[in-house]
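Please read these numbers as outputs of a predicted model, since none were measured by experiment.
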Amino acid sequence: MLGLASAGSVMVALDATVVTTALSRIRLDLGTSMAQLEWTVNAYSLSFAVLLMTGAVLGDRFGRRRVFTAGLALFTAASAACALAPDVNALIAARVVQGAGAALVMPLAMALLSAAYPPPDRPKALGLFAGLTGLAVVGGPVVGGAVTQGLAWEWIFWLNVPIGLVIVPLVLRRVPESRGGGDGADAGGLLLVTGAALGLVWGLIRSDAAGWGSAEVTGTLAAGAVCAVAFVAWERVAARPMVPLELFRLRGFAAGNAAGVFMYASLYGALFFAAQYFQTGRGDRPLAAGLHLLAWTAAVTVVAPAAGRLVNRIGARPPAALGLALQAAGMGWLALAATPSVPYWELVAPMLIAGAGVSMAMPAAQSAVLNAVAPQQIGKASGVFNTGRQLGGVFGVAALALAFGHAGGYTGPSAFTDGFAAATGVGAALSLAGALAALSIPTRTPAPTPEPTTPVLTADR
């Protein structure tokens, strides 16, 4: 179960960042504009973010294994479409479908994993899961650089196809079906939360190109805010609410989600610019840039599993708060050390510290959220956490991009490095905010006792 859930999650997480080191080659091969290049990244994040809650609810309603498998199949087919895209518009459209498949895979991978393990074993499993997922996120630029430089950019998508073809039948054969509490789908809630996420994410993505004061950005942000308020009002009166608002009264759930939003805002934003820093600021080739980022990934495979075990012993608050504080320290150090001519070895220590910190915080924040709710609510809790993760990532890229544009630009290595330092400093501030939020996580976040009349796992295979 752990291997299959992690394999699906790794594919999804890898495609969130693997494109970054291939953008230059895609621009030359397809003749794209800068705005079109941005959409090859943003189209995936946008559809991923707005459909995550839908995926979680569909899994609870129709079966997590069934919907997880459908998401894997959709993601695999869309990956082939990306590789075969004849022009940039077809590539962007395929990336939208990829994001939709990812929105079915990610929350249900966590839900299936959490349902398969009892509370005492859950933190360790989530630690391994988070470690592999985090390695894929941070290692995406490495894979993208190696494949683009050694083969062609299309192969960053072709790699998903054989993996998907192997995983789908194994999931159907070996993973037991599980569901949520059996409530019907909250159609009104789904519509409103999708509108809220779409409006807010679209406004953030377009803020740099269209301007914060433009009618497009202000209009979409306002529409998203209205939908968000309407969603909260609707969930208060809905007969079968998609997200029971009483969950946010649980300190572990609320604080874990807040820490997760800041954590991924910092991580995704910093990685977006770090991959470019090594190429534009230092003049490295794509593969070298990806390899240099390995210092950031080195701690993930060791620290995240250990942190999962530590959560089971001492609770989620210390690893989450300390991990985010370490990420803030590492990013702050990196912002001060980065120059066009700095020796690479001087950047290794801050990247190791930042990588160890986020690897510690990932399983702790997830455990705080999932252990705060009953097993019947794991799917919904997972959907909320992962939606916050993606929205946090989009916000982080937008916030760091504003700092980058204010302090530097693409006119030369020195200008880019000035912008990178300012952007990474903002990433450090976001990590520190996450550490403060993590201090509100209870010392212990035991999972509530499930209701005996509502089974979690079924024998449906």
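Residues in residues 254-269 take part in no salt bridge (charged side-chain N to carboxylate O under 4.0 Å, His left out) pair, two or more places apart or across chains. Sorted by first and then second residue, the salt bridge (charged side-chain N to carboxylate O under 4.0 Å, His left out) pairs involving residues 326-336 (not counting sequence neighbours) form an empty list. Among pairs with a residue in residues 319-329, those fulfilling side-chain hydrogen bond (donor to acceptor under 3.5 Å, both in side chains) read Gln327-Ser431, at least two apart in sequence or across chains. Residues in residues 90-100 take part in these salt bridge (charged side-chain N to carboxylate O under 4.0 Å, His left out) pairs, two or more places apart or across chains: Asp15-Arg95.
Between Phe157 and Trp153, the ring-plane angle classifies as perpendicular under the 30° and 60° cut-offs.
Going from atom CG of Leu430 over to atom CG of Leu267 covers 11.5 Å, rounded to the nearest 0.5 Å. Residue Arg317 holds its CZ atom at 13.0 Å from CG of Leu322, rounded to the nearest 0.5 Å. Here the CG-CH2 distance, from Leu347 to Trp296, works out to 10.5 Å after rounding to the nearest 0.5 Å. To the nearest 0.5 angstrom, Arg282 atom CZ is 8.0 Å from Thr339 atom OG1. Here the straight-line distance linking atom CG of Asn371 with atom CD1 of Ile441 works out to 11.0 Å at 0.5 Å rounding. Expressed to the nearest 0.5 Å, how far NE2 of His292 lies from CG of Leu287 amounts to 9.5 Å.
Residues Gln98 and Asn160 have side chains in contact (heavy-atom distance under 4.5 Å, counting atoms from C-beta outward). Side-chain contact between Phe420 and Leu334 is present, with heavy atoms from C-beta onward closer than 4.5 Å. Residues Leu72 and Met11 meet the side-chain proximity criterion, which asks for heavy atoms closer than 4.5 Å. For the pair Leu104/Phe75, no side-chain contact is recorded, criterion being any heavy-atom separation below 4.5 Å from C-beta on. Counting only heavy atoms from C-beta outward, the side chains of Ile167 and Thr76 never approach each other to under 4.5 Å. Residues Tyr344 and Met351 are in side-chain contact: their nearest non-hydrogen atoms beyond the backbone lie under 4.5 Å apart. Side-chain contact check for Ile156 versus Val19: some heavy-atom pair is nearer than 4.5 Å. Within the 4.5 Å cutoff, no side-chain heavy atoms of Asp284 are placed close to those of Leu291.
When all heavy atoms of Ala335 and Thr424 are compared, the closest pair comes out as CB-CB, 4.0 Å. When all heavy atoms of Pro318 and Gly315 are compared, the closest pair comes out as CD-O, 3.8 Å. For the residue pair Cys227 and Ala196, the shortest heavy atom distance occurs at CB-N, 3.5 Å. Considering every non-hydrogen atom in both Ala102 and Val12, the closest pair reads CB-CG1, 3.4 Å. Contact detail for Gly203 and Thr220: the closest heavy-atom pair is CA-OG1, 3.4 Å. What you find for Val96 and Ser47 is that their closest heavy atoms are O-OG, 2.8 Å.
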Practice task
Give the intermediate values and the outcome of side-chain contact (heavy atoms from CB on, under 4.5 Å) for residues Thr417 and Val342.
Solution key: CA-CA 11 Å; Thr417 303; Val342 62; over 6 Å; no
Practice task
Begin with the C-alpha distance, continue with both residues' side-chain angles, and end with the deciding distance and a verdict on side-chain contact (heavy atoms from CB on, under 4.5 Å) for Leu200 and Phe395.
Solution key: CA-CA 9 Å; Leu200 294 174; Phe395 170 78; over 6 Å; no
Exercise for the section: I would like to know whether Leu324 and Phe262 meet side-chain contact (heavy atoms from CB on, under 4.5 Å); could you show each step before the answer? Expected result: CA-CA 9 Å; Leu324 284 165; Phe262 284 115; 5.9 Å; no
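Taking the six-membered ring for Trp, Phe273 and Tyr277 have ring centres at least 6.0 Å apart.
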Pairs under 3.5 angstrom only: tabulate donor-acceptor contacts from the side chains of residues 243-253 to other protein residues two or more places apart or in another chain.
unit_1: Arg251; atom_1: NE; unit_2: Ser440; atom_2: O; d: 3.2
unit_1: Arg251; atom_1: NH2; unit_2: Ser440; atom_2: O; d: 3.1

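A donor-acceptor pair under 3.5 Å is absent between the side-chain atoms of Thr148 and the main chain of Gly145, judged by distance alone.
Trp234 pairs by the side chain to side chain donor-acceptor pair (under 3.5 Å) definition with Asp186, not counting sequence neighbours.
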